[in-house]
Amino acid sequence: MSKNTVSASVAMLKVLEDWGVKHLFGYPGGSFNSTMAALAEQKEQIQYIQVRHEQVGALAAAADAKLTGKVGVAFGSAGPGATNLLTGLYDAKEDHVPVLALVGQTPRAVMNSHFFQEFNEDPIFEDVSVYCRTVMTAESLPHVVDQAIREAYKHHGVATVIIPNDLGYEQIPDISYGSHGPTDEKPTPQPQPTDAEVDQFLAMVKEAKRPVIHVGRGIQAGGDVLIELSKKLQIPLVMTGLAKGHVDEDYEANLGMANRAASKSADEIMASADLLIAIGADFPFAKLIYTTHPFKFIQIDNDRTELGRHHNLDLGIWSDATAFVKAALDRSVPAPESAFFKAAVADKKNWFAYQKQLQDDNHEPLRAEPIYKEINRVADPDAVFAIDIGDNIINSFRHLHVTPKNKFVISAIFASMGSGLPAALAGQLSYPGRQVWNIAGDGAFSMIMQDLLTEKKYNLPIINVITANKTLNFIKSEQDDVAMYHSGIDLADQDFAMIAKGMGVESVTVTKSSELPAAFDQAIEVTKAGRPFLIDAKISAARSLPVEELKLTQTDHGMEETLNPTYNSNFDLKQPSSVREFLDSYDGQSLKTLPEFFDEYGVEW
């Protein structure tokens, strides 16, 4: 090779290296061999992670971006290798994170001739991408990739570059093609609130009887100042799922999540609000939750396109969330003690006592809640949690203790089953010194369990916790409330521990709560020695208390709490006769209704 030239694929990888990319995920194919050759040449500079399915690679790249804020990179070859990327790329699109997809294409000489695995890839990827280009010349390849990364960062989305295989082999001048520099490390300037906006906000809060703050991930590192504002203005907090861990979960007025994967107290207090304040929150379930009753609506967001997206605005403020909270703290005076605030705190305390009761339950069959008690016991303070889709979302939101020191990643909006293990791969690669967890149900895990081999191959000490109940339980719960018979939800049981052992991954099966401490202690021992581990937990398919089935109606005299008439409308089930019977059927004899708390604290209507 001439000292003055380099293959276009190597030049492209140097661009990735210049942008700080340390690893990328993919599976080889003939139409991607020019890049594979470059990866072999650049193996000391950038790590290729061989996954066993392109979907896993794309989901891992999306999780990488969620965890680090840096661009994640995945690739697939032409044909099925390309289309297999789409689930992970749509996950990145919906959760607004920067991902670069490198897609193989047949050599130019055979394009448009119905060649093997050849198809027009541009329209396939245009919908998922903020930037989609097919490279036309070898010399433009590194330039296009450089531009793609810029577009992914600018638009917080997927940039796709389609590469005809022959172009990567061609020699081009060995010069610097990347544009990344120190200016790219500057923090993005954030919009600031005006005094007039803050004062208008405070006036509306003062007029409200039952204000509630709905907190999104836009609060970022501002959780502590938000707690100060909550105390000062006597406003309880309800979290979105992506904001979990951003605000201290032990704070008495952090009520948890709303909607289905929720706490009872959060759903109830949200349903009683006469002023809802959304701070840095893009809430995809707003059409379900924000429409239950009339209220005034304030929204603070640093993205003007979010304002008014989910509810008609009474006040919209274009501002960084934390900057707004600090300004509101500075310009406000302490509110008098609020009976509503006290009732919200008592409701949360009652709910959390019930959660602890479930975690301490040692009856058989084994339930999911004691598993989370063990995870909380042994998890490191800065552990990375990758949570797969299904009932474990509900259980993690309710039972997993997460702080700002942790990393917590889910497939939030696209909600792709099978995202947990790929996210754990990304977590362990990007944070090699930290403890990493993959928590998944048997339905989700069985979609991607072949990539336990990836954990083994690269010696990634991931703790895999599989909650196996032989049911698509999240879907079963939905079918519980539809006038139909249960259909398509039963899963054939598998011995995940034996499957893991067959892949060279140490494992254990647990069926009783008494077996949990030893299993988790073994998981810690093995992963501290640098090896992955799997716990196959055989659990009950019992439904967790569906707080979303409680309905609150505002009357002239207060609040009435009833049960959704569609609850247990499945032909296989029995409907309870009252809210009390409903709560008791979930061992919730200790639970009180919100109207009881309102009466106890004298909340005025």
Side-chain angles (χ1 to χ4, degrees), residues 1-51 54 57-58 60-61 64-65 70-78 81-82 85 89 92 98-109 111 121-122 125 129-154 157-181 184:
M1 179 186 299
S2 167
K3 292 182 180 179
N4 299 320
T5 65
V6 65
S7 75
S9 285
V10 167
M12 173 189 72
L13 293 184
K14 288 183 177 181
V15 169
L16 298 185
E17 295 158 17
D18 194 43
W19 278 97
V21 174
K22 303 298 183 185
H23 52 259
L24 73 170
F25 304 89
Y27 199 73
S31 59
F32 208 72
N33 273 340
S34 59
T35 303
M36 298 310 301
L39 285 167
E41 189 172 331
Q42 293 293 110
K43 64 182 179 181
E44 300 301 323
Q45 286 73 42
I46 189 167
Q47 185 181 17
Y48 160 53
I49 302 297
Q50 180 201 70
V51 292
E54 293 89 352
D64 228 351
K70 304 295 185 182
V71 67
V73 185
F75 68 79
S77 58
L85 292 170
L89 299 185
V99 165
L100 172 66
L102 302 175
V103 179
Q105 179 58 284
T106 57
R108 288 170 298 168
M111 287 175 65
E121 293 169 336
D122 291 84
F125 288 93
S129 304
V130 298
Y131 177 90
C132 180
R133 297 290 187 273
T134 296
V135 179
M136 303 304 293
T137 67
E139 197 161 332
S140 68
L141 173 56
H143 284 300
V144 172
V145 167
D146 184 68
Q147 184 62 36
I149 294 173
R150 286 203 172 277
E151 296 285 344
Y153 275 124
K154 177 182 178 180
V158 176
T160 302
V161 178
I162 300 166
I163 309 169
N165 189 41
D166 56 311
L167 293 180
Y169 291 116
E170 290 189 20
Q171 297 294 302
I172 62 175
D174 188 7
I175 59 175
S176 176
Y177 291 92
S179 65
H180 178 260
D184 293 304

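The structure displayed is predicted, hence computed values, not measured ones.
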Could you pull out the closest heavy-atom pair between [X] and [Y], with the gap in Å?
X	Y	answer
D166	P107	OD1-CA, 3.3 Å
G72	A65	N-CB, 4.1 Å
V15	V145	CG1-CG1, 4.3 Å
A38	S9	CB-CB, 3.5 Å
A152	A159	CB-CB, 4.0 Å
P28	Y48	CD-OH, 3.2 Å

Euclidean distance, [Y] [atom2] relative to [X] [atom1], rounded to 0.5 Å:
X	Y	atom1	atom2	answer
I175	T5	CD1	OG1	12.0 Å
L141	T35	CG	OG1	7.0 Å
T134	F125	OG1	CZ	10.0 Å
E151	D146	CD	CG	10.5 Å
S77	L85	OG	CG	8.5 Å

* Asked: Run the side chain to side chain contact (heavy atoms under 4.5 Å, CB included) check on I172 and V6 step by step: do they pass?
  -> CA-CA 5 Å; I172 62 175; V6 65; 4.2 Å; yes
With heavy-atom distances below 4.5 Å as the criterion, would you say the side chains of [X] and [Y] are in contact?
X	Y	result
L102	M12	yes
H143	T137	no
Y131	R150	no
V130	K154	no
P173	E139	yes

* Asked: Of the options Q45, K22, Q42, which is the one that meets E17 in a side-chain hydrogen bond (donor to acceptor under 3.5 Å, both in side chains)?
  ->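 Among the candidates, only Q42 passes.
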* To do: Tell me, with the steps shown, if K70 and D64 meet side chain to side chain contact (heavy atoms under 4.5 Å, CB included).
  => CA-CA 7 Å; K70 304 295 185 182; D64 228 351; over 6 Å; no
* Asked: Considering residues at least two apart in sequence or located in another chain, which fulfil the side-chain contact (heavy atoms from CB on, under 4.5 Å) criterion with V21?
  ->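 Testing V21 for side-chain contact (heavy atoms from CB on, under 4.5 Å), a comparison that skips the adjacent residues, returns L16, I46, V71, V73.
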* Is a donor on one side and an acceptor on the other found under 3.5 Å between the side chain of R133 and the backbone of Q147? ->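 Looks like no, no N/O pair under 3.5 Å.
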* Is a donor on one side and an acceptor on the other found under 3.5 Å between the side chain of Y177 and the backbone of V144? ->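 No; zero donor-acceptor contacts below 3.5 Å.
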* Under the side chain to side chain contact (heavy atoms under 4.5 Å, CB included) rule, what do S7 and Q171 come out as? Steps first, then yes or no, please. => CA-CA 4 Å; S7 75; Q171 297 294 302; 3.8 Å; yes
* After noting the C-alpha distance and the side-chain angles of C132 and I162, does the key distance pass the side chain to side chain contact (heavy atoms under 4.5 Å, CB included) rule? -> CA-CA 8 Å; C132 180; I162 300 166; 4.3 Å; yes
* S31 versus N165, side-chain donor and acceptor atoms under 3.5 Å ->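 No, because no side-chain N or O of N165 sits under 3.5 Å from a partner of the opposite role on S31.
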